[in-house]
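For the numbers below, each heavy atom of this structure counts, side chains included, while hydrogens, waters and symmetry mates do not.
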Amino acid sequence: MIDRKAFRTDFDAMQTALSRRGEGVVDAGSAWSRAKALDVRQRELKGELEVLQSERNRVSKVIGQKKGSGADASEEMALMGEVSRQVKGLDATAKEAETEFSNILLEIPNLPHDSVPDGSDEAANVELRKWGTPREDEVPAHWDIGEALGILDFEAGATLAGSRFSVLRGMGARLERALMQLMLDMHADKHGYEEVWVPAIANRKTMTGTGQLPKFEDDLYKLEGEELFLIPTAEVPVTNLYQDQILDGAALPIKHCAYTPCFRREAGSAGRDVRGMIRQHQFDKVELVQLVQPEHALSALHDLTAHAEAVLQALELPYRVVDLCAGDIGFSAQKTFDLEVWLPSQGIYREISSCSSFGQFQGRRANIRFRGEDGKPVAVATLNGSGLAIGRTLVAVLENGWQADGSVKIPVALQSYLGGREIIANA
RNA sequence: GGAGAGAUGGCUGAGUGGCCGAAAGCGCGCCCCUGCUAAGGGUGUAUAGGGCAACCUAUCGAGGGUUCGAAUCCCUCUCUCUCCGCCA
């Protein structure tokens, strides 16, 4: 969430930054526009309450002393009975006001970093660089390639669970596992990330810490009768590993990689990518997470993005890096680089990784702090990025490695994970 | 799922109604002494909010209650540990 202190001292500057996200973010009726009055009211009530509490504490002390020495304190006690009633009433009101303000703060998105390009939608995103040479020939869609090879089975997925689920068979399943292993090995061995294995279910507090709640509950799968949710990304459990902790400054940066399944309801994307594995309700992902000192957030973002890129390079998949504009970055993000892989069947680059810095936004929400130079706790900056989305990577491997005879060439880096095989072909 | 025990500051751990934001130890910061040494002495050290200085307020797992007053008593919930059951 945004910084409470800065909210009062730098209101105008924050509003200017937020307004870059687009229409509606700071307009009348928005969380932002309602927050100011709630803050004022909340602080006024608290001030009044503190005066009363101070009086109660003072006289209570006197009563204690009088009683201790055997003196009569009934006059003070009668007086305090009334004060206590007032405190109780005002305390409830003040708490309500504070909760209301806190809740509205949770609905205000992060401030885009100054370096984020202007723009309202993806059309304004800025391509930073390209890697590799996209093939230009006609390539079938991955669902045709995969079904012909007998390694992708969308019908079975639909039967078992519904649309947007799939089944992998044989070398398809093995390819999924190989990609997972290759990615984890690269990040753990070469890029300095400690591997962690975490729950795929998280509670409300954890979901709030990274920003999925309270605003995006409709995008999540919620367990019947329980305040638990399936995670949409490993970012949630891995970042929250440190919730409510004060870390030693020397322990930073903390870098974790994790494989998890991810679950998304895809509520707002009816009709989009209905075929194939591009947009599934359940998919696998290897995620990179970093906790760093705030001043290192941007340089860490470049590092983390490079780590994700290294996977695409190892797999010889052409891609480009895009600097998302202010209108296209996510709710919690301060700055985001998307990696888009070349999909020859569609002749376009498709998102395969999203690498973001959140500044101290999540650090404040999840209450993750470290001790700075002066010994005072400071909210950490957090980052994360897909390294990579495995399903989409599998799609890219199939399409980019497809050969006219229907077989698929396996990138060299992956071969050792597939028993030394160089191609996937019909048995 | 059943029975019992517990949840206190960066950590360990006292504290059963007022003088407790909390003893002691560890760790850490600063200062001092000393040279025969894997040390000694002093002092400081929770978090958040407000004034932004003195100081005030809140917080002893969370929420509610009793009381003039609660870390301490009562209720509910969560989590941890032990035993039993069950299970991959």
Side-chain angles (χ1 to χ4, degrees), chain A residues 1-11 35-36 38-106 197-209 213-214 223 225-229 237 240-252 254 261 291 293 360 363-380:
Chain A
M1 68 194 145
I2 58 167
D3 183 71
R4 285 171 96 119
K5 209 160 230 173
F7 176 71
R8 288 202 299 274
T9 56
D10 292 321
F11 185 86
K36 185 120 196 172
L38 290 174
D39 183 33
V40 170
R41 173 175 153 75
Q42 172 260 132
R43 291 171 59 217
E44 280 173 356
L45 287 170
K46 197 165 180 211
E48 291 173 34
L49 174 65
E50 286 189 2
V51 171
L52 276 178
Q53 285 173 325
S54 179
E55 174 69 1
R56 184 188 63 183
N57 291 347
R58 189 183 63 77
V59 179
S60 285
K61 212 161 263 182
V62 172
I63 293 172
Q65 283 160 357
K66 281 201 169 183
K67 288 196 129 183
S69 63
D72 176 57
S74 52
E75 194 179 318
E76 285 85 352
M77 283 169 65
L79 182 68
M80 280 308 95
E82 178 51 31
V83 173
S84 278
R85 263 189 295 283
Q86 287 178 26
V87 167
K88 212 160 277 182
L90 193 54
D91 184 54
T93 315
K95 241 175 214 163
E96 232 168 83
E98 149 65 22
T99 304
E100 210 176 336
F101 177 57
S102 297
N103 287 345
I104 205 98
L105 278 187
L106 290 176
W197 194 280
V198 293
I201 293 177
N203 60 31
R204 189 171 285 278
K205 179 180 176 184
T206 297
M207 284 291 181
T208 304
L213 292 178
L223 300 195
E226 308 205 55
E227 286 299 293
L228 295 173
F229 304 83
N240 279 288
L241 234 28
Y242 300 95
Q243 66 175 223
D244 293 323
Q245 290 187 33
I246 300 178
L247 305 164
D248 182 351
L252 302 178
I254 290 171
L291 281 68
Q293 309 206 351
Q360 294 168 288
R364 281 188 289 263
R365 287 175 86 104
N367 196 26
I368 306 171
R369 295 171 293 175
F370 71 98
R371 284 193 194 280
E373 290 284 304
D374 59 357
K376 289 283 164 209
V378 183
V380 297

One character per nucleotide, please: for nucleotides 53-66 of chain B, 5' to 3', B when the base has a protein heavy atom closer than 4.0 Å, S when only the sugar-phosphate does, - otherwise. ---BBS-----S-S

Can you check each nucleotide of nucleotides 74-80 of chain B against protein heavy atoms at under 4.0 Å and return B for base, S for sugar-phosphate only, - for none, in 5' to 3' order? -------

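Here B:G49 presents its P atom at 12 Å from CG of A:Asp39, a figure rounded to the nearest Å. Counting to the nearest Å, the C1' atom of B:U47 and the CD1 atom of A:Ile368 are 17 Å from each other. As rounded to whole Å, 17 Å separates atom P of B:A46 from atom CG of A:Asp248. One can place CD of A:Glu82 at 16 Å from C1' of B:G69, the figure rounded to the nearest angstrom. Put simply, NZ on A:Lys376 is 11 Å from P on B:U45, counting in whole angstrom units. A:Arg4 places its CZ atom 13 Å from the P atom of B:A48, with the value rounded to the nearest Å. Distance, A:Asp91 CG to B:G69 P: 12 Å, rounded to whole Å.
Look at the C1' atom in both B:G13 and B:U78: the space between them is 24 Å, to the nearest Å. Separation of the C1' atoms belonging to B:G9 and B:U47 is 9 Å when rounded to the nearest angstrom. Using C1' as the reference atom, B:C56 and B:G4 are 44 Å apart when rounded to the nearest Å. Between B:A58 and B:A71, the two P atoms lie 10 Å apart (nearest whole Å). Separating the P atom of B:A23 from that of B:C11 is a span of 16 Å, rounded to the nearest Å. Rounded to the nearest Å, the gap between the P atom of B:U76 and that of B:A3 is 13 Å. Going from the P atom of B:G41 to that of B:U34 covers 15 Å, rounded to whole Å. Taking the C1' atoms as reference points, B:G27 lies 14 Å from B:A46, given to the whole Å.
Taking a pair to require two hydrogen-bonding distances under 3.5 Å in either a Watson-Crick or a G-U wobble arrangement, B:G1 pairs with B:C84. B:G27: Watson-Crick or G-U partner is B:U45, with both key distances under 3.5 Å. Checking B:A71 for Watson-Crick or G-U wobble geometry (two distances, each under 3.5 Å) identifies no partner in any strand. Within the shown strands, nothing qualifies as a pairing partner of B:A53 under the Watson-Crick or G-U definition with both distances less than 3.5 Å. Nucleotide B:A7 forms a pair with B:U78, judged by Watson-Crick or G-U wobble geometry with both contacts under 3.5 Å. In a base pair of the Watson-Crick type (N1 to N3 plus N6-O4 or O6-N4) or a G-U wobble (N1-O2 and O6-N3), with each distance short of 3.5 Å, B:U37 is matched with no nucleotide. Pair assignment for B:C19: none, as no Watson-Crick or G-U wobble contacts are both less than 3.5 Å.
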Tabulate protein N/O versus nucleotide N/O from nucleotides 16-18 of chain B, keeping only pairs under 3.5 Å, one per line.
{"from": "B:G18", "atom 1": "N2", "to": "A:Ser60", "atom 2": "O", "distance (Å)": "3.1"}

Pick out the pairs of N or O atoms, protein on one side and nucleotides 7-13 of chain B on the other, that lie under 3.5 Å.
none

Do any N or O atoms of the protein come closer than 3.5 Å to N or O atoms of nucleotides 25-29 of chain B, and which pairs are they?
none

Derivation of the side-chain hydrogen bond (donor to acceptor under 3.5 Å, both in side chains) call for A:Gln42 and A:Asp39: CA-CA 5 Å; A:Gln42 172 260 132; A:Asp39 183 33; 3.0 Å; yes

Step-by-step side chain to side chain contact (heavy atoms under 4.5 Å, CB included) determination, A:Leu105 to A:Arg4: CA-CA 8 Å; A:Leu105 278 187; A:Arg4 285 171 96 119; 3.6 Å; yes

I would like to know whether A:Leu247 and A:Val380 meet side chain to side chain contact (heavy atoms under 4.5 Å, CB included); could you show each step before the answer? CA-CA 9 Å; A:Leu247 305 164; A:Val380 297; 4.2 Å; yes

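If you take CD1 on A:Ile63 and CG on A:Asp72, they are separated by 10.5 Å, rounding to the nearest 0.5 Å. Taken to the nearest 0.5 Å, the CZ atom of A:Arg364 stands 8.0 Å off from the CD1 atom of A:Ile2. A distance of 10.5 Å separates CD in A:Gln65 from CD in A:Glu76, rounded to the nearest 0.5 Å.
Residue A:Ser84 places at least one side-chain N or O closer than 4.0 Å to OP1 or OP2 of B:G69.
By the side chain to side chain contact (heavy atoms under 4.5 Å, CB included) test, A:Pro199 is found to be paired with no residue, residues two or more places apart in sequence or in another chain being considered. Under the rule for a side chain to side chain contact (heavy atoms under 4.5 Å, CB included), the partners of A:Met207 that lie at least two apart in sequence or sit in another chain are A:Ala202, A:Gln212, A:Leu213, A:Leu220, A:Phe229, A:Ile231, A:Pro232, A:Val236. Every residue two or more places apart in sequence or in another chain that forms a salt bridge (charged side-chain N to carboxylate O under 4.0 Å, His left out) with A:Glu82 is listed here: A:Arg85. Residues forming a salt bridge (charged side-chain N to carboxylate O under 4.0 Å, His left out) with A:Lys36 (at least two apart in sequence, or on another chain): none. Evaluation of the salt bridge (charged side-chain N to carboxylate O under 4.0 Å, His left out) rule for A:Glu96 yields no partner, not counting sequence neighbours. Residues forming a ring-ring contact (aromatic ring centres under 6.0 Å, His included) with A:Phe370 (at least two apart in sequence, or on another chain): none.
Side-chain contact between A:Lys66 and A:Glu75: absent, with no pair of heavy atoms (C-beta onward) separated by less than 4.5 Å. Contact check for A:Lys205 versus A:Asp244: side-chain heavy atoms found under the 4.5 Å cut-off. Residues A:Ser102 and A:Glu98 are in side-chain contact: their nearest non-hydrogen atoms beyond the backbone lie under 4.5 Å apart.
Closest approach of A:Gly209 and A:Asn240 over heavy atoms only: CA-OD1, 3.9 Å.
Two residues, A:Glu76 and A:Thr9, neighbour RNA chain B, and the one matched to the more 5' nucleotide by heavy-atom proximity is A:Thr9.
Judged by distance alone, the side chain of A:Arg365 and the main-chain N or O of A:Leu106 form a donor-acceptor pair under 3.5 Å.
Backbone-only engagement by A:Lys5 is indicated by non-hydrogen atom pairs under 4.0 Å involving sugar-phosphate atoms exclusively. Contacts of A:Arg369 with the nucleic acid, taken as non-hydrogen atoms under 4.0 Å apart, involve only primed sugar atoms and P, OP1 or OP2.
Around atom CD of A:Glu227, more than 12 heavy atoms belonging to other residues, nucleotides or ligands sit under 6.0 Å away.
Pairs passing the side chain to side chain donor-acceptor pair (under 3.5 Å) check and including a residue from residues 43-56 of chain A, sequence neighbours excluded, read A:Glu55-A:Arg58.
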